[in-house]
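Numbered from 1 within each chain, the chains take letters A, B, ... in sequence-line order.
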Amino acid sequence: MFLLLLEDVMKTLKGFADPRLIRESEHADLSTTVAFKIAKEKNLKPEEVAKSILENIEPKGYVGTVETVGGYINFFANYDFLSDTVEEILSNSNYGGLNLKGKVLIEHTSANPDGPLHIGHVRNAVIGDTLARIFRKAGFDVTTHYYINDMGRQMAITVLGIEKFGLSNKKPDHAIAEAYISANKLLEEKKELEKEVENLMLEYERGSEEIVGKFRKAIEIAMDGIKETLKRLNVSHDEFLWESDFVRNGLVDSVLGELDAMKVIKKDGAWIVELKDLKEVVLRRENGTSLYITRDIAYHLWKSERFERLVNVWGADHKLYGEQLKRLLEILGIKVPEIVFFEFVSLPEGRMSTRRGRFISADELIEKVKEEVKKLVSNREISELEEIAEAVAIGAIRFDFLKVAPEKPMVFDMKKAIDFERQTASYIQYTHSRACSILRKSGEEGKFIAEFCNKVERDLVVLLSKMPFYVKRVVDELKPNIFAEYLLSVASKFNEFYRDYPVLKAEEGVREHRVAIVKAVRNVLRNGLELLGIKALERM
RNA sequence: GGGCCCGUGGCUUAGCCAGGACAAAGCGACGGCCUUCUAAGCCGUAGAUCGCGGGUUCAAAUCCCGCCGGGUCCGCCA
């Protein structure tokens, strides 16, 4: 709805409209600084320019009043806007959605199957999964991929570890990590095993049936555990693709063939492509085998033929690699992915490392947070307590990672992770259940009357109208944190309303009016939490 | 050494791309609010040379240049 208001503001401004200069404002529903810009160009005073613009325009559509303060031109929505917003929210169960079209592929998480997901992978997973949810809401036909790096050295080491040490009966991904960590230690002591690792990689790429079987088995065991964790985190992937498939299906060879035909490859034993201002890239080893980037180009070729928009969620350590990949794709004339880079999650003692066994697993984090939540919940039957604790714990974890802009480095602090601040998922969940509680007790249909709105109610409704606007912003900017923050602001405004304006005890007429508002808030919070992959509890 | 990212009250962050209205929140501190719809809530007070130094501009947290601190990348690894 807010998007419609924005359009009407543009229409109102006519020739003065500049979408980049129209912003949300604390002083109005929308505000523009276009007068400052014109004043500068024509060497006039902003206030005067604003006033003369005001004299030349007529409010259109949802725009009620227009005013100027200093050089600003402020727009306020009319009653119809408020009524239509509430009407739309109450009648459209998909409220918040848009009608954007197109096939989008989002690749995320893609952790190496050499151990369990750790908290860094969780950051990747919740960013990727939330983007996928929001893209779907925006109307796109979304497919999510987990790209399994099965051809790496770390997989060969894992296979070696299983051979030498077997697997314990821990959760499968944790058992795999033990084998991987032990093998790494062994490898440090016995350098001669290095040959074995190399050989495993070589045989795997060549497709030796025995070795392929061993790799597949190890990876499937690890992935079983990883999938279990992802499921708990409400993270889903539509497809799991194996890196090696792109060697086996011939796409790697055809990519190399194409580049060769384009005469961009320097053959110096190995096959190398030189890139302007970037480090050169080796695409084929001297021994004839492919490299990670070669397979990745093939994977992107495959994706680009099937999807209109490609989004990858990658750790910031892949930035240079991402530039190289994009450049090579450009040379080949293949669609270039949009890459969301997120900075590292480190521990107070430094960087995490699966190889050294220095990490906090997602499973451990979930359990610790859940335990802490259980302390807060009282007087419940066991089954309900479990449900609430799980939902609140997962919500807290997802939100913690989601609310910070991807480019910010994070230092993980368990104390903070288990501390439920006001700015967290549980605050929104709690607010949602408060709204549910009122609706449960009221049982009334509700009837919104725009003219009845006080300041807080009006602000609240305008805020509710912004949900599609924020969905659009996330789709445009690929920053899920702005939606998290939006939902928080809705919850906060509702709590203000909750304190000051009783619903059930209000006089007739006002009561129905407020019930409608509560219902609208409940719907927005419910739909919004869904977009963040957080369960909207009706009771807490 | 070079590239990229981060640096905002004691702590965690939003705002920076598209410069403008008193720098916005949470935690922590202090002081209040539960015979009234769930206090996992709400209100108030104190607390910021927006890393530092220049520059551009009527106007800079935001743009430009130079520093400083932290992270990260610079494999015929993935």
Side-chain angles (χ1 to χ4, degrees), chain A residues 18-23 25-28 31 33 35-37 39-40 43 45-46 69-72 74 112 114 149-155 201 243 268-272 277-279 281-293 295-296 315-324 341-344 346 350-351 373 376-377 392 400 403-411 413 416 419-424 426-431 433-442 477 481-482 484-485 488-489 491-492 494-496 498-506 514-515 518 539-540:
Chain A
D18 180 343
R20 300 176 118 181
L21 299 179
I22 301 170
R23 308 277 180 86
S25 164
E26 52 189 301
H27 306 280
S31 179
T33 53
F36 288 96
K37 196 178 169 224
K40 186 180 183 79
N43 208 7
K45 289 197 169 165
V69 179
Y72 298 89
N74 292 334
N112 291 335
D114 55 13
N149 303 152
D150 60 332
M151 297 191 73
R153 193 181 136 81
Q154 81 289 123
M155 269 336 292
M201 287 175 71
E243 187 188 353
D268 183 14
W271 290 21
I272 296 164
D277 298 327
L278 285 179
K279 176 115 177 119
V281 177
V282 177
L283 293 177
R284 190 174 184 266
R285 291 192 187 88
E286 204 161 348
N287 69 10
T289 56
S290 62
L291 285 101
Y292 182 79
I293 194 164
R295 274 107 62 180
D296 211 4
D317 54 337
H318 285 68
K319 278 190 180 179
L320 171 62
Y321 173 82
E323 285 306 305
Q324 292 171 321
F341 290 107
F342 64 92
E343 280 290 340
F344 272 53
S346 55
R351 195 175 165 174
V373 177
L376 282 173
V377 193
V392 172
D400 258 352
K403 72 178 178 193
V404 180
E407 70 274 14
K408 289 282 193 205
M410 292 175 83
V411 177
D413 182 343
K416 284 191 174 137
D419 178 32
F420 305 99
E421 297 178 1
R422 198 172 92 90
Q423 280 203 333
T424 59
S426 65
Y427 176 74
I428 302 171
Q429 287 170 312
Y430 180 72
T431 306
S433 51
R434 268 182 151 182
C436 287
S437 172
I438 292 175
L439 295 174
R440 216 168 24 238
K441 287 181 178 159
S442 144
E477 300 174 37
N481 59 301
I482 63 183
E485 206 187 325
L488 224 30
S489 69
S492 177
F494 177 75
N495 282 322
E496 197 181 319
Y498 183 95
R499 177 203 59 210
D500 290 334
Y501 305 104
V503 177
L504 301 178
K505 289 188 174 169
R514 290 189 182 153
V515 166
V518 174
R539 294 170 203 266
M540 288 174 69

Donor-acceptor pair between A:N149 and A:R295 side chains, under 3.5 angstrom: no

Rounded P spacing from B:C73 to B:C30 in Å: 43 Å

Given B:A14, B:C73, B:C76, the nucleotide with the shortest approach to the side chain of A:A270: B:C76

B:A48 versus B:G1 - spacing of their C1' atoms, nearest Å: 36 Å

Nearest-nucleotide pick for A:K408, side chain only, options being B:C6, B:A78, B:C5: B:C6

Between C1' of B:A59 and CG of A:L21, the distance in whole Å: 15 Å

B:C11 versus B:U49 - spacing of their P atoms, nearest Å: 11 Å

Check: A:T33 and A:Y72 side chains under 4.5 Å, non-hydrogen atoms: yes

Earlier contact from the 5' end, RNA chain B, for A:I482 and A:I293: A:I482

CZ-CE distance between A:R434 and A:M540, expressed to the nearest 0.5 angstrom: 11.0 Å

Inter-nucleotide C1' distance (B:G3, B:A46), Å rounded: 44 Å

RNA chain B: 5'-proximal contact among A:E343 and A:A405 (nearest heavy atom): A:E343

Nearest-0.5 Å distance that lies between atom CD in A:E485 and atom NZ in A:K403: 11.0 Å

Out of B:A78, B:U72, B:A18, whichever nucleotide has its closest atom nearest the side chain of A:Y321: B:A78

Derivation of the side chain to side chain contact (heavy atoms under 4.5 Å, CB included) call for A:Y498 and A:V518: CA-CA 9 Å; A:Y498 183 95; A:V518 174; over 6 Å; no

Aromatic A:Y501 / basic A:R514 pairing, under 6.0 angstrom, 45° off normal: no

Short side-chain to backbone donor-acceptor contact, A:R285 and A:S290, under 3.5 Å: yes

Check: A:F420 and A:V373 side chains under 4.5 Å, non-hydrogen atoms: yes

Torsion-based syn/anti label for B:C34, 90° from 0 as limit: syn

Donor-acceptor contact present, side-chain A:S437 to main-chain A:S433, <3.5 Å: no

Pairwise P distance, B:U13 and B:G66 [rounded to whole Å]: 28 Å

Close side-chain approach of A:D317 and A:R351, heavy atoms under 4.5 Å: yes

Considering all heavy atoms, the nearest A:R20-A:R23 contact: O-NE, 3.2 Å

Gap between atoms CZ and C1', on A:F344 and B:G70 respectively (whole Å): 15 Å

Minimal non-hydrogen separation, A:A316 against A:F341, with atom names: CA-CD2, 4.1 Å

Pairwise P distance for B:A61 and B:G2, with rounding to whole Å: 30 Å

Whole-angstrom distance between B:C77 and B:A14, as gauged at atom P: 38 Å

Distance test, side-chain N/O of A:N112 to OP1/OP2 of B:A78, below 4.0 Å: no

Nearest-angstrom distance from the residue atom CZ of A:R284 to P of B:G75: 22 Å

Phosphate OP1/OP2 of B:A78 contacted by A:R295 side-chain N/O (<4.0 Å): yes

Pairwise C1' distance, B:G28 and B:G15 [rounded to whole Å]: 23 Å

A:E421 CD to B:C42 P, straight-line distance once rounded to whole Å: 13 Å

B:A18 OP1/OP2 closer than 4.0 Å to side-chain N/O of A:R20: yes

Where protein sits on nucleotides 29-40 of chain B, one letter per nucleotide: B base, S sugar-phosphate only, - none, heavy atoms under 4.0 Å: -------SBBSB

A:K279 side chain near B:G75 phosphate (N/O to OP1/OP2, under 4.0 Å): yes

Short side-chain N/O contact from A:R422 to OP1 or OP2 of B:U13, under 4.0 Å: no

RNA chain B stem ranges, 3 or more consecutive Watson-Crick or G-U pairs under 3.5 angstrom: B:1-7 with B:68-74, B:10-13 with B:24-27, B:29-33 with B:41-45, B:51-55 with B:63-67

With the criterion being N/O to N/O and under 3.5 Å, what pairs connect the protein with nucleotides 20-23 of chain B, and how long is each?
from: B:G20; atom 1: O3'; to: A:Y72; atom 2: OH; distance (Å): 3.0
from: B:G20; atom 1: O2'; to: A:Y72; atom 2: OH; distance (Å): 2.2
from: B:A21; atom 1: O4'; to: A:Y72; atom 2: OH; distance (Å): 3.2
from: B:A21; atom 1: N6; to: A:S25; atom 2: OG; distance (Å): 3.0
from: B:A21; atom 1: N6; to: A:S31; atom 2: OG; distance (Å): 2.9
from: B:A21; atom 1: N6; to: A:N74; atom 2: OD1; distance (Å): 3.2
from: B:A21; atom 1: N1; to: A:N74; atom 2: OD1; distance (Å): 3.4
from: B:A21; atom 1: N1; to: A:N74; atom 2: ND2; distance (Å): 3.2
from: B:C22; atom 1: N4; to: A:E26; atom 2: OE1; distance (Å): 3.1

Sugar-phosphate only, base, or nothing, as touched by A:K416 at under 4.0 Å among non-hydrogen atoms: sugar-phosphate

Sugar-phosphate, base or nothing in reach of A:E286, heavy atoms under 4.0 Å: base

Touch class at under 4.0 angstrom, heavy-atom based, for A:A39 against every strand present: nothing

Within 6.0 Å of CZ in A:R440, more than 12 heavy atoms from elsewhere: yes

Between CZ on residue A:R422 and CG on residue A:N495, distance to nearest 0.5 Å: 7.5 Å

Sugar-phosphate only, base, or nothing, as touched by A:D268 at under 4.0 Å among non-hydrogen atoms: base

